[in-house]
Every structure is written in C-alpha cells, then in structure tokens.
Amino acid sequence: MTRLTGSALRVTVLIGEHDTWHHRPLYSEIVHRARAAGLAGASVFRGIEGFGASSLIHTSRLLSLSEDLPVAIVIVDTEEHVRSFLPQLDELVTEGLVILDDCEVIRHVGRADGKPGETDEKGKKSL
C-alpha cells in the first residue's frame with residue numbers, strides 16, 4: 001500500500017452520475033484507473049444538488065427528482081503521480097470539471113488486512 005504524507009496534490013473531478021465510459025459508470029472507470037495507476041487513493045461522492053456549464057440544476061429533491069445528480073471523484077497523491085494521471089482524465093472526462101489543489105496530507109493509513117471493524121496495535125477500532 002502507498003503511504004503518503006506531506007505535500008500533495010488533490011484532483012477533483014465533477015461529472016454527472018449517469019456519465020458513462022463504454023457502458024460503465026464514468027466515476028467507476030476513473031477510480032479503477034486511478035488504482036491501476038498506483039495512486040494513493042480515490043473516493044466518489046454523490047451530490048444532492050448542483051449545476052455545471054449547462055446551467056441546468058440537478059437536484060435530489062422529490063418534486064424535481066433528477067436522474068443525473070452531480071458526482072465528485074477526489075484523488076490525492078504526490079504532484080508527480082497526479083500529473084502523470086491527468087492524460088487519462090483528459091481522455092475520460094468529455095463533459096465536466098477537473099480541478100487541482102495543493103494540499104498537505106497529515107495521515108494516510110489503511111488496514112493491514114483490509115477488513116473493517118478490526119482493532120489495530122494501538123487498540124483503535126477501524127470502521
């Protein structure tokens with residue numbers, strides 16, 4: 001597992017929930033490619049409301065239920081690793097927004113066996 005601390009770069013990709021890449025959810029393709037590229041981590045967050053370049057509001061409110069809610073994919077790693085991954089994002093993201101932010105990683109620790117609910121050597125229980 002990649003350990004990461006200190007100065008890093010965060011890439012945030014904002015797309016629609018129903019955007020696809022070869023009949024697969026685009027967010028899933030991005031996460032799997034990030035993992036294959038050896039990046040430190042990636043997470044997908046589903047939004048409840050938003051709009052983009054089209055200015056069309058997408059919302060989860062019952063009266064105006066959208067079928068294409070906003071999704072954010074957040075990837076954090078060293079600047080070198082993130083920048084080397086950008087050409088793949090350029091290929092995949094045909095509509096949406098890709099932003100980069102400098103950040104500082106304070107703690108990046110995974111489970112040794114990957115199972116939730118276990119207690120580590122310091123007695124801390126993982127979720």
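Everything numeric in this text was worked out from a predicted model, so none of it was measured. Computation of the quantities below employed the complete heavy-atom set of this structure, encompassing side-chain atoms and omitting hydrogens, waters and symmetry-equivalent molecules.
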Asks: Quick check: closest heavy atoms across Phe85 and Ala37, and the distance to 0.1 Å?
Replies: CD1-CB, 4.0 Å
Asks: Please name the pair of heavy atoms, one in Ala8 and one in Asp77, separated by the smallest distance, quoted to 0.1 Å.
Replies: CB-O, 3.3 Å
Asks: How long is the span from the CD atom in Glu17 to the CG atom in Leu69, to the nearest 0.5 Å?
Replies: 5.0 Å
Asks: Side chains of residues 91-99: which donor-acceptor pairs under 3.5 Å do they make with residues two or more places apart or in other chains?
Replies:
{"unit_1": "Glu91", "atom_1": "OE1", "unit_2": "Arg33", "atom_2": "NH1", "d": "3.1"}

Asks: Any side-chain heavy-atom pair from Val11 and Val74 closer than 4.5 angstrom?
Replies: no
Asks: Would you mind reporting whether His32 and Arg24 have side-chain heavy atoms less than 4.5 Å apart?
Replies: yes
Asks: Can you see which heavy atom on Val82 is nearest to which on Leu39, and at what distance?
Replies: N-CD2, 4.3 Å
Asks: Flag yes if Ile75 and Trp21 sit in one hydrophobic cluster, no otherwise; membership is Ile, Leu, Val, Met, Phe, Trp, Tyr, and two members link when side-chain heavy atoms are under 4.5 Å apart.
Replies: yes
Asks: So, using salt bridge (charged side-chain N to carboxylate O under 4.0 Å, His left out) as the criterion, who are the partners of Arg83 when residues are at least two apart?
Replies: Glu79
Asks: With heavy-atom distances below 4.5 Å as the criterion, would you say the side chains of Glu104 and Ile106 are in contact?
Replies: yes
Asks: May I ask you to test the Ser43-Ile73 pair for a side-chain heavy-atom distance under 4.5 Å?
Replies: no
Asks: Under 4.5 Å between side-chain heavy atoms, hopping through other hydrophobics if needed: is there a path connecting Leu86 to Ile30?
Replies: yes
Asks: Between Leu26 and Val71, is there a side-chain heavy-atom distance shorter than 4.5 Å?
Replies: no
Asks: Start with the C-alpha gap between Ser7 and Asp102, add the side-chain angles, then the distance that decides, and say whether side-chain contact (heavy atoms from CB on, under 4.5 Å) holds.
Replies: CA-CA 7 Å; Ser7 183; Asp102 292 322; over 6 Å; no
Asks: Tell me whether Val31 shares a hydrophobic cluster with Leu89, the cluster being built from Ile, Leu, Val, Met, Phe, Trp, Tyr side chains joined at under 4.5 Å.
Replies: yes
Asks: Using only atom types and a distance under 3.5 Å, with no angle test, would you say the side chain of Thr78 pairs donor to acceptor with the backbone of His81?
Replies: yes
Asks: Measuring from Glu29:CD to Thr20:OG1, what's the distance to the nearest 0.5 Å?
Replies: 10.5 Å
